[in-house]
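Note that the numbering runs from 1 along the sequence shown for the chain. Here the structure is a predicted model, which is why all the values come from computation and not from measurement.
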Amino acid sequence: MAVSNIDKIRNVALIAHSGAGKTSLTEVILFNAGAIDRIGTVEAGNTTSDFEPEEISRKISVTSSLSFCDWKGTRINLIDTPGFINFVEDTRGCLRVADGVITVICAVSGIKAETKKIWSYASEYNIPSIIFVNKLDKESANFYAALEEAKKAFGIDVLPLQLPIGEGEKFKGIIDIISAKAYIFSNGKESVSDIPTELSAKYDDYRKKLIEKIAETDDNLIEKYLEGEELTNEELLKGLGVGTFGRKFIPALCGSATSNIAIPQLLDAILLCLPSPKTKSEITPLYAINTKDGKAVEIKPISTDPFSAYVFKTIADPYAGKFSIFKVLSGTLKADSTVLNTVSGAKERIGQIYYLLGKKNIPAQTVSAGEIAAVVKLKDTNVGDTLCDEQLPLMVQKIKYAEPIISYAIEPKTKGDEEKVSLGLQRILEEDPTLKFTRDEESKEMILSGMGQVHLEVALERLKRKFGVEVIMKTPKIPYRETIKAFAKAQGKYKKQSGGRGQYGDCWIEIEPLPRGDGYQFIDKIVGGAIPQQYRPAVEKGILETMKEGILAGYPIVDLKVTLFDGSYHTVDSSEMAFKIAGSMALKKAFLDAKPTLLEPIMKVEVITPEDTLGAVIGDLNSKRGKVQGVESQPDNSQKIVALVPMAEMLTYANQLHSITSGRGMYSMEFSHYEEVPSQIAQKVISEKQKQKVEEH
């Protein structure tokens, strides 16, 4: 059933690094709100939001999942997002439709690099947040240390609304600072009591700070506060919403997901502190392009306006078809209607509409502005597309996802399954924009690229499970290049006599190196008729074909200037074929006399690392023949290292960086240029290539 009152909708994403407890928290929220009748656990593999086999086996979220519940008359749409570094781009895509976030902080492990990265995405979209300090029932839990770390990491004041009663094994409840009540939890049951005497001084101190911060959100409140008047709870609650919506501070709550402590209070805070889609649109207006006239149009979440929706996620199901998950930006969508996809230009028939509760699909006839839902079997709709009323064709700007950082060559275990691999991966790519699948024309390999090794492994596990095809992952071949460092000249003479008409082609060429990156030049300096005009293109063709095949180790030749300056021909026996062979022969001779060498691709690498592992990361990059170009301090006290490193040294860097930084480091890289390979390494590459050729023949 559609939610008719947009003020009664909250679209909330749970964000944090992997292991902070987002999935467990989603589960107990759904249970307390009555959406599910039992609490599943990550360990048992039976939670609502982690239902993919790859998630159950790894005990981490690898893709965002949708669920919903109703609390005190308000529909809360929950997005449980991945926190593992390989999958945070999926989180980024889903944050595009969130109106608020719950930032989950583990009271034991604190805040990791992934949480900071995801927080930066939420900040980019100007999304208000509340903090939930989780796992206060675990050994070494520290609520106050978590608050200080959050304030430092996020650069915004953190405002506790609750204080824990005990920590670790003694954690049993919370103090609500605004209502001045203590909530004690035992075996899933809640009781209300007075504030414990031993915590009254701490409560008074934090309440004073809270009132002061809230008063600063409004001129009338600050005036009243400075005059010594008491602010009412109603005024505090109203100011709390204003301050949170404006990201002046982040309200902080606490509890335990696995022990089901303080979850009703968190649900109340979602309604109070996080905005509805309407309020969020007032904070950060959303604009789209009218594809008819190219003008920007503000989209307001009004159910009576023309329909528009943004598709932020797809799920490929080999049996049910492709699920397109979207947020209604404006208007109302009805089942059995037709809409326009302004990106593909296709008209899409809307069949059944669904609300998603994990892997369950709840049918709906209509959905209105602000709601999140899904449809199945849209033919020409992908992630980032806009669906809308044909009368007002709008296009919302797509997200630019990060480029893949790791690649592997893949080949099917069963010969002849290449097409099945390709078709299956194309379907998987539809639901994951951060994967890329290409065929390397040079090596003839199928290349799968992604955000890390786990990312690729998960994709291939899905390929096997959903499409019944298995592949082997191999380290991809490095795209080396061959070139020369000196001038040389040589004759290529092809002469063949076999009874009848023979073959004759004769040419002289000079070769010399070009500046790195200049490619190839061919200069025709034939004077007179040493080689007739009709045969000269054949000479160049032979040279180009040889350059493509390589001479030293079978890699393409680059940065070469070739000058054709002399030759001879036979009036009867000369032909294009003969001169093509002659050109190839001349290049092979001259190349070996011109100090040939191998070139390797150099990558520009940017690494974000905590301060305490900076030296270890730089040392590791140096050991990879890297050249550090600079180090910059980041606002969160981490360090950004910029380095140039050979691609050959970076193939498994994601795993190595994870090990060095205990999962706190991140990196990106892009191609920079080619450089000469050190002679010792070049000889190894050449010998391995020659050995491979022998084995192939």
Counting only N and O atoms by type, is there a donor-acceptor contact under 3.5 Å from the side chain of Ser65 to the main-chain atoms of Ser49? yes

Mind checking whether Ile9 and Asp99 have side chains closer than 4.5 Å, heavy atoms only? no

Neighbour count >12 (heavy atoms, 6.0 Å) for atom NZ, Lys464: no

Is there a side-chain contact between Asp90 and Met451, using heavy atoms and a 4.5 Å cut-off? no

First locate atom NZ of Lys278, then atom CD1 of Ile302, and finally report the distance between them rounded to the nearest 0.5 Å. 8.0 Å

Could you walk me through whether Ser638 and Glu611 satisfy the side-chain hydrogen bond (donor to acceptor under 3.5 Å, both in side chains) test, starting with their C-alpha distance in whole Å, then the side-chain angles of each, then the deciding distance to 0.1 Å, before giving a yes or no? CA-CA 5 Å; Ser638 62; Glu611 180 79 45; over 6 Å; no

In the structure I gave you, are the side-chain heavy atoms of Lys280 and Asn11 within less than 4.5 Å of one another anywhere? no

Arg10 side-chain N/O to Leu274 backbone N/O, donor-acceptor pair under 3.5 Å: yes

Going from CD on Glu229 to CD on Glu235, what distance comes out if it is rounded to the nearest 0.5 angstrom? 9.0 Å

Can you tell whether the side chains of Lys208 and Asp204 come within less than 4.0 Å, N to carboxylate O? no

Are more than 12 heavy atoms from other residues, nucleotides or ligands located less than 6.0 Å from atom CD of Glu139? no

Around atom NZ of Lys224, are there more than 12 heavy atoms from other residues, nucleotides or ligands closer than 6.0 Å? yes

Do Glu55 side-chain atoms and Val62 backbone N/O form a donor-acceptor pair below 3.5 Å? yes

Taking atom types as modelled, is there a side-chain donor on Thr279 or Ser276 under 3.5 Å from an acceptor on the other? yes

Is it true that Thr332 and Thr366 share a donor-acceptor pair across their side chains at a distance under 3.5 Å? no

Going by the rule ring pair (Phe, Tyr, Trp, His ring centres under 6.0 Å), which residues pair with Tyr206 if we only count those two or more places apart in sequence or in a different chain? Tyr144

With the side chain counted from C-beta on, respond yes when Thr63 and Glu431 share a heavy-atom pair under 4.5 Å apart, and no when they do not. no

Can you tell if the side chain of Ile29 reaches within under 4.5 Å of the side chain of Trp71, non-hydrogen atoms only? no

Interatomic spacing from CG in Leu271 to OG1 in Thr74 - rounded to 0.5 Å: 4.5 Å

Under 4.5 Å between any side-chain heavy atoms of Ile263 and Phe31, yes or no? no

Mind checking whether Phe326 and Val328 have side chains closer than 4.5 Å, heavy atoms only? yes

What pairs meet the ring-ring contact (aromatic ring centres under 6.0 Å, His included) rule with one or both residues in residues 152-174, with sequence neighbours excluded? Trp119-Phe154

Pairwise side-chain contact, Arg38 with Glu27, heavy-atom cut-off 4.5 Å (strictly under): yes

Could you list all the salt bridge (Lys or Arg N to Asp or Glu O under 4.0 Å) pairs where at least one residue sits in residues 164-182, not counting sequence neighbours? none

Any salt bridge linking Arg58 with Asp50? Criterion: basic side-chain nitrogen under 4.0 Å from a carboxylate oxygen. no

Please check if the number of heavy atoms outside Lys300 that lie under 6.0 Å from its NZ is greater than 12. no

Spacing of Asp80 atom CG and Cys94 atom SG [to the nearest 0.5 Å]: 10.0 Å

Test your reading of the model: is there a side-chain donor-acceptor pair from Gln639 to the backbone of Pro610, 3.5 Å cut-off? no

